[in-house]
Amino acid sequence: MDIEELKKMEDEESSIMKTMKGATTGFVTGTVWGMVVATWHDVPRVERSIALPGLIRTLKMMGNHGATFAAIGGIYMGVEQLTQKQRMKRDYINGAVGGFVAGATVFGFKGRSVSSAMSAGGTFAATSAILEVLGIEKRETGRVNYVYTREKRPNPNVN
(Lines give C-alpha, C1' and ligand atoms only; values in the text may rest on other atoms or scores of the structure.)
Protein backbone atom coordinates (compact mmCIF):
# COMPACT_ATOMS: atom_id res chain seq x y z
CA MET A 1 0.00 0.00 0.00
CA ASP A 2 1.25 3.44 -0.75
CA ILE A 3 0.68 6.59 1.27
CA GLU A 4 -2.38 7.73 -0.69
CA GLU A 5 -4.17 4.41 -0.11
CA LEU A 6 -3.46 4.60 3.62
CA LYS A 7 -4.84 8.16 3.77
CA LYS A 8 -7.97 7.05 1.89
CA MET A 9 -8.54 4.15 4.29
CA GLU A 10 -8.07 6.52 7.23
CA ASP A 11 -10.62 8.96 5.80
CA GLU A 12 -13.25 6.21 5.46
CA GLU A 13 -13.45 5.76 9.24
CA SER A 14 -15.77 8.12 11.05
CA SER A 15 -14.60 10.52 13.73
CA ILE A 16 -16.69 8.72 16.33
CA MET A 17 -15.04 5.40 15.46
CA LYS A 18 -11.56 6.93 15.75
CA THR A 19 -12.50 8.47 19.11
CA MET A 20 -13.78 5.12 20.37
CA LYS A 21 -10.59 3.42 19.19
CA GLY A 22 -8.51 6.01 21.03
CA ALA A 23 -10.49 5.56 24.24
CA THR A 24 -10.39 1.76 24.01
CA THR A 25 -6.67 1.69 23.32
CA GLY A 26 -6.13 4.09 26.21
CA PHE A 27 -8.23 1.96 28.54
CA VAL A 28 -6.35 -1.25 27.70
CA THR A 29 -2.97 0.46 27.97
CA GLY A 30 -3.92 2.13 31.24
CA THR A 31 -5.21 -1.10 32.72
CA VAL A 32 -1.98 -2.90 31.91
CA TRP A 33 0.03 0.03 33.27
CA GLY A 34 -2.11 0.03 36.43
CA MET A 35 -1.33 -3.64 36.93
CA VAL A 36 2.40 -2.94 36.60
CA VAL A 37 2.23 0.01 39.00
CA ALA A 38 0.21 -2.06 41.48
CA THR A 39 2.97 -4.65 41.62
CA TRP A 40 5.49 -1.90 42.40
CA HIS A 41 3.47 0.04 44.96
CA ASP A 42 0.42 -0.04 47.18
CA VAL A 43 -0.20 -3.81 47.31
CA PRO A 44 1.00 -5.51 50.49
CA ARG A 45 2.43 -8.99 50.45
CA VAL A 46 -0.41 -11.37 49.78
CA GLU A 47 -0.78 -14.27 52.16
CA ARG A 48 -2.68 -17.43 51.37
CA SER A 49 -5.54 -16.87 53.76
CA ILE A 50 -6.18 -13.16 53.03
CA ALA A 51 -5.61 -12.52 49.32
CA LEU A 52 -8.80 -10.49 48.73
CA PRO A 53 -7.68 -7.04 50.05
CA GLY A 54 -4.58 -7.05 47.84
CA LEU A 55 -6.62 -8.12 44.83
CA ILE A 56 -9.17 -5.37 45.45
CA ARG A 57 -6.44 -2.71 45.70
CA THR A 58 -4.86 -3.98 42.49
CA LEU A 59 -8.17 -3.90 40.62
CA LYS A 60 -8.91 -0.37 41.86
CA MET A 61 -5.50 0.84 40.71
CA MET A 62 -5.96 -0.87 37.33
CA GLY A 63 -9.38 0.73 36.92
CA ASN A 64 -8.12 4.17 37.92
CA HIS A 65 -5.24 4.10 35.46
CA GLY A 66 -7.46 2.58 32.76
CA ALA A 67 -10.07 5.32 33.15
CA THR A 68 -7.42 8.06 33.08
CA PHE A 69 -5.76 6.70 29.94
CA ALA A 70 -9.15 6.15 28.28
CA ALA A 71 -10.14 9.76 28.98
CA ILE A 72 -6.86 11.04 27.58
CA GLY A 73 -7.10 8.87 24.45
CA GLY A 74 -10.76 9.64 23.81
CA ILE A 75 -10.47 13.39 24.37
CA TYR A 76 -7.28 13.60 22.31
CA MET A 77 -8.72 11.74 19.32
CA GLY A 78 -12.08 13.49 19.52
CA VAL A 79 -10.62 17.00 19.66
CA GLU A 80 -8.05 16.17 16.97
CA GLN A 81 -10.80 14.94 14.63
CA LEU A 82 -13.01 17.93 15.43
CA THR A 83 -10.14 20.34 14.76
CA GLN A 84 -9.29 18.55 11.52
CA LYS A 85 -12.91 18.79 10.32
CA GLN A 86 -13.20 22.47 11.25
CA ARG A 87 -9.85 23.56 9.80
CA MET A 88 -10.09 21.21 6.79
CA LYS A 89 -6.37 20.53 7.13
CA ARG A 90 -4.36 17.56 8.31
CA ASP A 91 -1.24 18.85 10.05
CA TYR A 92 0.55 18.94 13.39
CA ILE A 93 -1.67 21.71 14.80
CA ASN A 94 -4.65 19.34 15.06
CA GLY A 95 -2.67 16.97 17.26
CA ALA A 96 -1.26 19.83 19.32
CA VAL A 97 -4.74 21.19 20.02
CA GLY A 98 -5.98 17.68 20.89
CA GLY A 99 -2.99 17.10 23.16
CA PHE A 100 -3.47 20.41 24.95
CA VAL A 101 -7.17 19.85 25.56
CA ALA A 102 -6.66 16.24 26.69
CA GLY A 103 -3.82 17.08 29.07
CA ALA A 104 -5.44 20.21 30.45
CA THR A 105 -8.82 18.56 30.95
CA VAL A 106 -7.75 15.29 32.53
CA PHE A 107 -4.78 16.42 34.62
CA GLY A 108 -6.33 19.77 35.46
CA PHE A 109 -9.35 17.95 36.83
CA LYS A 110 -7.20 15.47 38.75
CA GLY A 111 -4.82 18.14 40.05
CA ARG A 112 -7.61 20.65 40.73
CA SER A 113 -5.46 23.60 39.72
CA VAL A 114 -5.09 25.81 36.67
CA SER A 115 -1.30 25.64 36.77
CA SER A 116 -1.27 21.84 36.57
CA ALA A 117 -3.82 22.00 33.74
CA MET A 118 -1.70 24.44 31.74
CA SER A 119 1.56 22.57 32.29
CA ALA A 120 0.02 19.19 31.43
CA GLY A 121 -1.75 20.65 28.40
CA GLY A 122 1.44 22.31 27.18
CA THR A 123 3.45 19.15 27.65
CA PHE A 124 0.92 17.02 25.78
CA ALA A 125 0.64 19.60 22.99
CA ALA A 126 4.41 19.86 22.55
CA THR A 127 4.84 16.09 22.58
CA SER A 128 2.06 15.58 20.06
CA ALA A 129 3.38 18.32 17.76
CA ILE A 130 6.94 16.97 17.86
CA LEU A 131 5.82 13.41 17.12
CA GLU A 132 3.54 14.57 14.33
CA VAL A 133 6.21 16.72 12.69
CA LEU A 134 8.70 13.85 12.80
CA GLY A 135 6.07 11.52 11.32
CA ILE A 136 5.26 13.96 8.53
CA GLU A 137 8.94 14.30 7.61
CA LYS A 138 9.20 10.53 7.29
CA ARG A 139 6.16 10.40 5.01
CA GLU A 140 7.43 13.23 2.78
CA THR A 141 10.70 11.44 2.05
CA GLY A 142 8.74 8.60 0.49
CA ARG A 143 9.98 5.96 2.90
CA VAL A 144 7.40 4.00 4.82
CA ASN A 145 8.81 2.15 7.80
CA TYR A 146 6.95 -1.10 8.35
CA VAL A 147 7.12 -3.04 11.59
CA TYR A 148 7.66 -6.18 9.56
CA THR A 149 9.72 -6.94 6.48
CA ARG A 150 7.75 -7.06 3.25
CA GLU A 151 10.45 -8.78 1.19
CA LYS A 152 11.84 -12.25 1.66
CA ARG A 153 15.37 -12.53 2.95
CA PRO A 154 17.83 -14.22 0.65
CA ASN A 155 18.73 -17.74 1.70
CA PRO A 156 22.49 -17.89 2.44
CA ASN A 157 22.57 -21.64 1.73
CA VAL A 158 21.42 -21.29 -1.87
CA ASN A 159 24.02 -20.25 -4.44
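Fair warning: this is a prediction, and the values are worked out from it, not measured in the lab.
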Between Thr25 and Gly22 (side chain of the first, backbone of the second, donor and acceptor by atom type, cut-off under 3.5 Å), is there such a pair? no

Check whether any side-chain N or O of Asn94 sits under 3.5 Å from a backbone N or O of Gln81 as a donor-acceptor pair, and report yes or no. no

In residues 111-119, what donor-acceptor pairs under 3.5 Å come from side-chain atoms, sequence neighbours left out?
residue	atom	partner	partner atom	Å
Ser113	OG	Ser116	N	3.2
Ser113	OG	Ser116	OG	2.9
Ser116	OG	Ser113	O	3.0
Ser119	OG	Ser115	O	3.1
Ser119	OG	Ser116	O	3.2

Where [X] and [Y] come nearest, the two heavy atoms and their spacing:
{"X": "Gln84", "Y": "Lys89", "answer": "CG-O, 3.4 Å"}
{"X": "Ser128", "Y": "Ala96", "answer": "OG-N, 3.8 Å"}
{"X": "Gly103", "Y": "Ala120", "answer": "O-CB, 3.6 Å"}

Hey, could you give me each pair passing ring-ring contact (aromatic ring centres under 6.0 Å, His included) that has a residue in residues 112-135? Not counting sequence neighbours. Phe107-Phe124

If Ile, Leu, Val, Met, Phe, Trp and Tyr residues are connected whenever their side-chain heavy atoms lie under 4.5 Å apart, and connections chain through other members, are [X] and [Y] in the same group?
{"X": "Ile16", "Y": "Leu82", "result": "no"}
{"X": "Val97", "Y": "Met77", "result": "no"}
{"X": "Ile75", "Y": "Phe100", "result": "no"}
{"X": "Phe109", "Y": "Phe69", "result": "no"}

Just verifying a value: how many Å separate Met35 CE and Thr58 OG1, rounded to the nearest 0.5 Å? 10.0 Å

Rounded at 0.5 Å granularity, tell me how far OG1 in Thr68 sits from CZ in Phe27. 11.0 Å

Side-chain donor-acceptor pair under 3.5 Å between Thr19 and Tyr76, yes or no? no

Are side-chain heavy atoms of His65 and Val37 found at a separation under 4.5 Å? yes

Who are the salt bridge (Lys or Arg N to Asp or Glu O under 4.0 Å) partners of Lys21, not counting sequence neighbours? Glu13

